[in-house]
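The structure under discussion appears below in the form of structure tokens.
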Amino acid sequence: MQYCYKFRATIVDAACLNHFTRVSAGRAKPAKTCALCISPQKLNFVLSDKVASGGVSVWCELEQENFFSEFQVEGVSAENNAIYLELTSENLSRALKTAQNARALKVKLTNKHFPCLTVSVELLSVSISSRMVTHDIPVKVIPRKLWKDLQEPTVPDSDVSVCLPVLKTMKSVVEKMRNLSNHLIIEANLSGDLNLKKETELVCVTTHFKDLGNPPLASEDASQDRDPAQMAEVCIDIRKLLQFLAGQQVNPTRAVCNIVSNKLVHFDLLHEDVSLQYFIPAFS
């Protein structure tokens with residue numbers, strides 16, 4: 001393994017363990033591979049399919065102290081104390097699935113002829129002795145020169161920012177609309193209105209959400225020179241929106257939709273101790 005990287009972490013609290021497995025497994029799904037960026041304070045899941053070429057981009061940030069009872073990192077150097085790993089998303093999801101409702105979870109960076117993220121799960125058992133299940137997930141150590149491509153995405157200036165409705169309700173609506181076509185129009189204004197629209201040669205279906213509110217800081221500048229009733233819209237791949245909504249099993253404490261007209265939609269969510277940014281480009 002390049003450099004003398006060391007990483008180990010442990011979760012023993014049942015609530016933290018279940019929350020971590022739900023968040024981590026859900027973040028890994030939208031792409032075949034994901035990057036795991038580990039620093040002493042934070043754990044980041046990064047999916048960086050190029051938005052310019054039609055891929056989604058995801059940035060998920062977890063404060064490690066809210067999840068782990070043990071968390072040790074030795075990275076490249078004291079100045080750059082971090083480890084960046086690339087792994088297959090399905091392998092991570094499969095390993096974490098076995099950890100749901102477990103007694104404890106341990107994660108360690110190991111070298112078994114090739115770098116691995118070893119996930120050890122202590123399962124609940126009716127007997128006194130517990131059962132251990134271990135997964136060795138092959139990883140690639142990402143060199144320091146490539147870290148710049150895995151930093152928090154720059155959020156472009158949006159035309160409209162609007163608060164989202166209850167995500168389970170939104171998911172139910174989008175699922176009912178997906179059979180009409182592969183694209184969906186999202187439009188919103190500075191009066192707190194959000195519309196989900198499907199248009200084909202035969203039919204036009206629109207779901208209206210009213211009085212959702214607009215984030216005050218996001219709308220102050222825009223409101224000076226924009227009609228509050230004027231809609232900003234973007235047409236996106238409905239399947240990518242469903243991937244995003246399917247991963248939101250708990251309604252967040254904050255959920256905002258930022259629209260850059262005809263270019264992309266940016267979802268910004270906060271789940272108490274987990275922040276998530278999800279970028280979907282305009283349908284091409």
Side-chain angles (χ1 to χ4, degrees), residues 5-31 33-47 58-75 81-110 115-125 130-139 150 152 167-168 243-255 267-278:
Y5 291 126
K6 293 182 180 179
F7 169 63
R8 67 169 64 234
T10 303
I11 306 178
V12 293
D13 181 84
C16 291
L17 198 157
N18 289 332
H19 188 26
F20 176 77
T21 55
R22 285 197 305 269
V23 169
S24 303
R27 297 295 73 78
K29 286 180 180 178
T33 62
C34 69
L36 182 60
C37 309
I38 306 164
S39 67
Q41 292 77 36
K42 298 176 182 179
L43 201 64
N44 292 103
F45 292 93
V46 184
L47 277 60
V58 180
W59 174 269
C60 181
E61 183 171 290
L62 293 75
E63 296 284 348
Q64 65 86 3
E65 64 181 8
N66 294 324
F67 293 89
F68 298 93
S69 57
E70 176 193 19
F71 197 88
Q72 299 178 1
V73 181
E74 293 183 21
N81 190 17
I83 304 170
Y84 284 53
L85 306 173
E86 181 184 292
L87 56 124
T88 301
S89 302
E90 180 60 30
N91 290 342
L92 178 62
S93 296
R94 189 182 300 114
L96 293 176
K97 189 174 182 179
T98 63
Q100 292 179 357
N101 301 313
R103 179 176 293 171
L105 171 71
K106 295 184 178 181
V107 184
K108 184 178 180 181
L109 189 59
T110 57
C116 282
L117 198 63
T118 297
V119 179
S120 299
V121 180
E122 183 180 351
L123 298 175
L124 298 172
S125 176
S130 59
R131 292 188 299 131
M132 295 294 296
V133 176
T134 300
H135 302 263
D136 290 321
I137 303 173
V139 298
L150 296 169
E152 183 171 1
L167 296 185
K168 288 184 179 179
Q243 283 181 334
F244 160 70
L245 293 171
Q248 310 314 311
Q249 298 176 352
V250 180
N251 212 48
T253 51
R254 185 196 70 203
F267 296 104
D268 186 8
L269 275 59
L270 180 65
H271 290 268
E272 296 182 354
D273 44 20
V274 178
S275 74
L276 171 68
Q277 297 185 63
Y278 198 99

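This structure is a prediction, so every number in the text was calculated from the model and none was measured.
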Which atoms form the tightest heavy-atom contact between [X] and [Y], and what is the distance?
X      : Y      : result
Phe71  : Leu43  : CZ-CD1, 4.2 Å
Val46  : Cys37  : CG2-SG, 3.9 Å
Pro40  : Gln64  : O-NE2, 3.1 Å
Met132 : Ser120 : CE-CB, 4.0 Å
Arg103 : Leu17  : C-CD1, 4.2 Å
Glu122 : Ala102 : O-CB, 3.4 Å

In Å and rounded to the nearest 0.5 Å, what is the [atom1] to [atom2] distance from [X] to [Y]?
X      : Y      : atom1 : atom2 : answer
Ile11  : Phe20  : CD1   : CZ    : 5.0 Å
Lys168 : Leu245 : NZ    : CG    : 12.5 Å
Leu109 : Ile38  : CG    : CD1   : 7.0 Å
Asn44  : Cys34  : CG    : SG    : 11.5 Å
Cys16  : Glu65  : SG    : CD    : 11.0 Å
Arg254 : Asp268 : CZ    : CG    : 4.5 Å

**OP:** Please say which of Asn91, Thr88, Leu117 ends up in a side chain to side chain contact (heavy atoms under 4.5 Å, CB included) with Pro138.
**Re:**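 For Pro138, the side chain to side chain contact (heavy atoms under 4.5 Å, CB included) test succeeds with only one of Asn91, Thr88, Leu117, which is Asn91.
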**OP:** Run through His19, Glu61, Glu63 and flag the one making a side chain to side chain contact (heavy atoms under 4.5 Å, CB included) with Val274.
**Re:**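 So, applying the side chain to side chain contact (heavy atoms under 4.5 Å, CB included) to Val274 and each of His19, Glu61, Glu63, only His19 qualifies.
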Original post:
Is there a side-chain contact between Leu62 and Phe68, using heavy atoms and a 4.5 Å cut-off?
Top reply: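 Counting from C-beta outward, Leu62 and Phe68 never come under 4.5 Å.
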Original post:
Are side-chain heavy atoms of Glu70 and Lys106 found at a separation under 4.5 Å?
Top reply: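 Side chain of Glu70 against side chain of Lys106, heavy atoms only: no contact under 4.5 Å found.
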Original post:
Quick one: salt bridge (Lys or Arg N to Asp or Glu O under 4.0 Å) partners of Arg8, sequence neighbours excluded?
Top reply: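 Not a single residue meets the salt bridge (Lys or Arg N to Asp or Glu O under 4.0 Å) criterion with Arg8.
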Subject >> Partner residues of Asp13 under the salt bridge (Lys or Arg N to Asp or Glu O under 4.0 Å) criterion, sequence neighbours left out >> reply: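 Partners of Asp13 under the salt bridge (Lys or Arg N to Asp or Glu O under 4.0 Å) test: none.
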Subject >> Trace of the side-chain contact (heavy atoms from CB on, under 4.5 Å) decision for Phe7 with Leu85 >> reply: CA-CA 11 Å; Phe7 169 63; Leu85 306 173; 5.8 Å; no
Can you tell me if [X] uses its side chain to pair, donor with acceptor, with the backbone of [Y] under 3.5 Å?
X      : Y      : value
Thr253 : Leu270 : yes
Ser69  : Thr10  : yes
Asn81  : Gly75  : yes

Original post:
Which of parallel (below 30°), tilted (30 to 60°) and perpendicular (above 60°) describes Phe267 and Tyr278?
Top reply: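 Tilted, since the angle between the ring planes falls between 30° and 60°.
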**OP:** Would you sort out whether Phe45 and Leu36 count as a side-chain contact (heavy atoms from CB on, under 4.5 Å), showing the intermediate values?
**Re:** CA-CA 5 Å; Phe45 292 93; Leu36 182 60; 3.6 Å; yes
